[in-house]
Amino acid sequence: QVQLVESGGGLVQPGGSLRLSCAASGSIFRIYSMGWYRQAPGKQRELVAVIDNGGSTRYADSVKGRFTISRDNAKNTTYLQMNSLKPEDTALYYCNLVSSSSSRHNPRGYWGQGTQVTVSS
């Protein structure tokens, strides 16, 4: 079993900043990628940012230049630094992990429970 614990969401004014954290624990042999997705009411879940095992990153066009994803391999933790937040960034943010539990097992994906980010004045 793998557990993902997210933290850092909250209410912030437009132009403000928040930092999300996601710590992974449990049966983790190798991490392939960690990332963040978000889902606003009435919309589909969308990719925000992802970082792979080699440190390469990918961002949604809507957050490029404002959000930064990073990872602490020793802690199996990923962070999402969100600056210049806009009301349209309001959503439930989910952590995603792709990992394998041993060298003999294929990787699979896991989701956190979600943390709410609300950008409003």
Side-chain angles (χ1 to χ4, degrees):
Q1 286 285 53
V2 171
Q3 296 80 40
L4 298 176
V5 178
E6 300 147 330
S7 61
L11 173 65
V12 65
Q13 291 187 342
S17 298
L18 283 175
R19 188 192 194 211
L20 306 183
S21 300
C22 174
S25 62
S27 300
I28 299 172
F29 171 72
R30 179 184 178 186
I31 292 177
Y32 290 80
S33 69
M34 297 187 79
W36 292 92
Y37 290 70
R38 67 187 181 187
Q39 188 168 19
K43 295 188 177 181
Q44 289 188 332
R45 191 175 297 190
E46 63 176 1
L47 171 73
V48 177
V50 64
I51 183 167
D52 68 17
N53 200 36
S56 296
T57 58
R58 182 161 54 98
Y59 296 91
D61 288 342
S62 59
V63 307
K64 284 180 181 177
R66 300 188 297 122
F67 291 9
T68 302
I69 189 170
S70 61
R71 186 171 141 185
D72 185 333
N73 292 331
K75 298 180 179 180
N76 287 345
T77 299
T78 185
Y79 306 95
L80 185 68
Q81 178 66 43
M82 304 185 294
N83 299 328
S84 302
L85 282 160
K86 304 175 181 180
E88 50 263 44
D89 294 318
T90 295
L92 193 57
Y93 283 69
Y94 294 93
C95 178
N96 174 263
L97 168 75
V98 177
S99 68
S100 61
S101 58
S102 78
S103 60
R104 296 176 288 109
H105 289 86
N106 291 327
R108 56 162 290 184
Y110 301 89
W111 292 97
Q113 78 284 358
T115 184
Q116 179 67 38
V117 172
T118 302
V119 185
S120 175
S121 54

With [X], which residues qualify under side-chain hydrogen bond (donor to acceptor under 3.5 Å, both in side chains), at least two apart?
{"X": "Asn106", "result": "none"}
{"X": "Asp52", "result": "none"}
{"X": "Lys64", "result": "Asp61"}

Problem set entry | Summary of ring-ring contact (aromatic ring centres under 6.0 Å, His included) pairs that have at least one residue in residues 2-53, sequence neighbours excluded |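 Residue pairs with at least one partner in residues 2-53: Tyr37-Trp111.
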For this session: Provide the full list of ring-ring contact (aromatic ring centres under 6.0 Å, His included) pairs with a residue in residues 42-88, sequence neighbours left out, each pair given once.
Result: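 Every candidate ring-ring contact (aromatic ring centres under 6.0 Å, His included) pair involving residues 42-88 fails, so no pair, neighbours aside, qualifies.
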If I take atom [atom1] from residue [X] and atom [atom2] from residue [Y], how far apart are they, to the nearest 0.5 angstrom?
{"X": "Ser120", "Y": "Asp89", "atom1": "OG", "atom2": "CG", "answer": "12.5 Å"}
{"X": "Asn96", "Y": "Leu47", "atom1": "CG", "atom2": "CG", "answer": "9.0 Å"}
{"X": "Ser25", "Y": "Gln3", "atom1": "OG", "atom2": "CD", "answer": "4.5 Å"}
{"X": "Ser17", "Y": "Met82", "atom1": "OG", "atom2": "CE", "answer": "8.5 Å"}
{"X": "Asn73", "Y": "Met34", "atom1": "CG", "atom2": "CE", "answer": "9.5 Å"}

For this session: Check whether more than 12 heavy atoms from other residues, nucleotides or ligands sit under 6.0 Å from atom CD of Glu88, and answer yes or no.
Result: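 Check passes, neighbour count above 12.
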Say whether [X] and [Y] are linked into one hydrophobic cluster, either directly or through other cluster members, by side-chain heavy-atom distances under 4.5 angstrom.
{"X": "Val48", "Y": "Val12", "answer": "yes"}
{"X": "Tyr94", "Y": "Tyr110", "answer": "no"}
{"X": "Leu92", "Y": "Val50", "answer": "yes"}
{"X": "Ile28", "Y": "Val98", "answer": "no"}

Closest non-hydrogen atom pair between [X] and [Y], with its separation:
{"X": "Leu4", "Y": "Gly112", "value": "CD1-N, 3.5 Å"}
{"X": "Asn53", "Y": "Arg71", "value": "OD1-NH2, 3.1 Å"}
{"X": "Arg38", "Y": "Ala91", "value": "CB-CB, 3.8 Å"}
{"X": "Ser84", "Y": "Arg66", "value": "O-NH1, 2.9 Å"}
{"X": "Leu18", "Y": "Gly9", "value": "CD1-C, 4.5 Å"}
{"X": "Lys75", "Y": "Thr77", "value": "O-OG1, 2.9 Å"}

Given 3.5 Å as the limit, does a donor-acceptor pair link the side chain of [X] with the main chain of [Y], or not?
{"X": "Thr118", "Y": "Thr90", "result": "no"}
{"X": "Ser99", "Y": "Leu97", "result": "no"}
{"X": "Ser33", "Y": "Ile51", "result": "no"}
{"X": "Glu6", "Y": "Gln113", "result": "yes"}

For this session: Please list all pairs passing the disulfide (SG to SG under 2.5 Å) test where one or both residues lie in residues 59-110, with sequence neighbours left out.
Result: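 For residues 59-110: Cys22-Cys95.
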